[in-house]
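Below is one structure, written out as structure tokens, with a few remarks after it.
Since the structure is predicted, the reported quantities are computational estimates derived from the model, not experimental observations. Whatever order the structure lists ligands and atoms in, that order sets their numbers, starting from 1.
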Amino acid sequence: MSHSDDPLLMIPGPVEVSPAVRSSYSVSPPGHLSSAVSAAFSRSLVAMRRVWKAGDDAQPFILAGSGTAAMDMAVANLVDAGQRVVVVETGYFSRRIAEMARRRGASVDVVAAPAGRRPAVEEVTAALDRGPTRALLVTHVDTSTGVRVDPEPLLAAAREREVLSIVDGVCATAGEVFHMADWGADVYLTAAQKALSLPPGLGLMVVSARALAARETLATKPPMFLDWLEWLPIHRAYEEGRAAYFATPATNLLLALVAGLREIEADGVEARWQAHQAAAHGLRAAWAELGLELLPTAAEAAWTLSTLLLPDGVAAGDLLPRIAAHGAVVAGGLHPDVRERTFRVGHMGYSVTRHDFLERTVEAVALGLADVGRGATAEPALRALRRAVKDAAATA
Ligand SMILES: *Cc1c(COP(=O)(O)O)cnc(C)c1O
């Protein structure tokens, strides 16, 4: 729980963690062979399959590292030199995964949309049909633009063509609807500090049996630390309740992971998705009341964050510190094309279950806008927030 005088952390990760999660890992570091870590590891692997909606034959991996490490792991295990991949570009992080594929020596066909939009499915299928393709790389929610793709038709197009798929769910997993098994995704990856609401330091992914088999066919092995085949016996041992060693796991974070996944499953994954949707709709109503506009269209905007246009003549450097002084830390722009014109509010994980956090955030943004002469008042925005959250919950 935040002290009432500490500003809330409402950036697109890291985010606030629940009191139960915070106390779970606030202990002396346990050994990686301890029974506490074995139990946390094993239960987390089983829970990940459920939260990801993955099949029993899919393999979860838990990696010490950030989301970027998870992206590198996925690319290094599936993409070989000389192979062709198609990247659906919706922002800064899709550009990053495209660069990772280039560094593996792949030829990269980028299907891009202007910042704040997403390419049409037909443009992606046309790219898949331009030549033999190893993998389709998709960013579920690009955190720079706040754009969400619709993964289902993209993954169906990949499956029909026997193309492997990697979906970067770093700003989405447990916050946006995703059915790994039903939609036929090969890798769905995330990081601890986004919608899972854990402290940063874990890269997480679930890998299909098909993708694991594809790793065996690589001509160039991945770097050792990133190699699924190095980690596979370790993860299998832990899942069977036996501790094993390849490289030291982040033991405190495993305690946090099992606590966080337990909390998500106690609410129900579907209920968590719905809470993100309700929060997003509530906040959009509040932003409109404050005269703020989203960069993406309503249909393409994510539930996990708002990428907002700065009011004309207002610089992020003036506005953001004032919002923070009123109780909520929000983030500046990230995508190079719109960096100077946007700011971002994260609303994911534990925070969306706390309506008081959402209200404090709206109030801080309203007061910050007033400080820079944009005469916003909080009350109508708070009323719009409450009304829209209630409506979204009622229609769920
Ligand atoms: C945050 C984020 C990343 C990078 O994660 P790090 O933990 O910062 O390495 C990658 N992709 C998306 C979509 C993200 O939101």
Side-chain angles (χ1 to χ4, degrees), residues 9-17 52 61-76 87-101 103 110 112-113 115-116 118 136-151 154 165-178 185 187-206 223 225-226 250 253 256-257 260 276 280 295-296 300-307 329-336 338-339 342-349 351-352:
L9 190 56
M10 300 300 286
I11 61 176
V15 300
E16 295 288 332
V17 306
W52 267 241
F61 288 100
I62 301 168
L63 174 76
S66 78
T68 303
M71 293 159 75
D72 254 333
M73 179 183 251
V75 171
V87 176
V88 180
E89 194 207 287
T90 48
Y92 178 92
F93 288 107
S94 352
R95 289 182 181 178
R96 175 173 291 182
I97 205 163
E99 174 59 18
M100 287 171 175
R103 289 186 187 196
V110 176
R118 61 190 190 199
L136 175 68
L137 279 42
V138 177
T139 310
H140 193 175
V141 169
D142 200 294
T143 322
S144 63
T145 54
V147 169
R148 177 185 56 227
V149 300
D150 181 2
L154 298 172
S165 56
I166 299 174
V167 182
D168 171 355
V170 178
C171 199
T173 308
E176 302 275 358
V177 177
F178 196 80
V187 181
Y188 191 46
L189 65 90
T190 192
Q193 78 278 15
K194 307 266 175 120
L196 293 175
S197 252
L198 305 170
L202 293 178
L204 303 159
M205 72 190 67
V206 179
F225 183 75
L226 298 179
L253 295 179
L257 177 61
H276 283 80
L295 173 68
E300 296 180 349
W303 293 342
T304 49
L305 84 156
S306 299
T307 298
V329 178
V330 302
L334 180 62
H335 192 294
V338 291
R339 189 180 283 138
T342 53
F343 71 107
R344 298 171 302 141
V345 181
H347 29 92
M348 59 184 108
S351 293
V352 302

Next on the checklist: Arg103: which residues meet the salt bridge (charged side-chain N to carboxylate O under 4.0 Å, His left out) condition with it, sequence neighbours left out?
Outcome noted: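 Expected list: Glu99.
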Please give the N or O to N or O pairs under 3.5 Å between ligand 1 and the protein, distances rounded to 0.1 Å.
unit_1	atom_1	unit_2	atom_2	d
ligand 1	7 (O)	Gly67	N	2.8
ligand 1	7 (O)	Gln193	NE2	2.8
ligand 1	9 (O)	Ser66	OG	2.5
ligand 1	9 (O)	Gly67	N	3.3
ligand 1	9 (O)	Thr68	N	2.8
ligand 1	9 (O)	Thr68	OG1	2.6
ligand 1	11 (N)	Asp168	OD1	3.4
ligand 1	11 (N)	Asp168	OD2	2.7
ligand 1	15 (O)	Thr143	OG1	2.2
ligand 1	15 (O)	Lys194	NZ	2.6

Item to check | From CG (Asp72) to CE (Met100), nearest 0.5 Å | outcome: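 CE of Met100 is found 4.0 Å from CG of Asp72.
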Next on the checklist: Is it the case that the side chain of Asp142 and the backbone of Val147 share a donor-acceptor pair, with hydrogens and angles ignored and the cut-off at 3.5 Å?
Outcome noted: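 No, Asp142 side chain to Val147 backbone: no donor-acceptor pair under 3.5 Å.
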Item to check | Partners passing ring-ring contact (aromatic ring centres under 6.0 Å, His included) against His335 (at least two apart in sequence or in another chain) | outcome: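 Scan of His335 (ring-ring contact (aromatic ring centres under 6.0 Å, His included), adjacent residues dropped) gives none.
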Checklist entry - For Gln193, which residues count as a side chain to side chain contact (heavy atoms under 4.5 Å, CB included) partner, sequence neighbours excluded? => result Pro14, Ala191, Pro200
Checklist entry - Got Thr307 and Val338 here, is their nearest side-chain heavy-atom distance under 4.5 Å? => result no
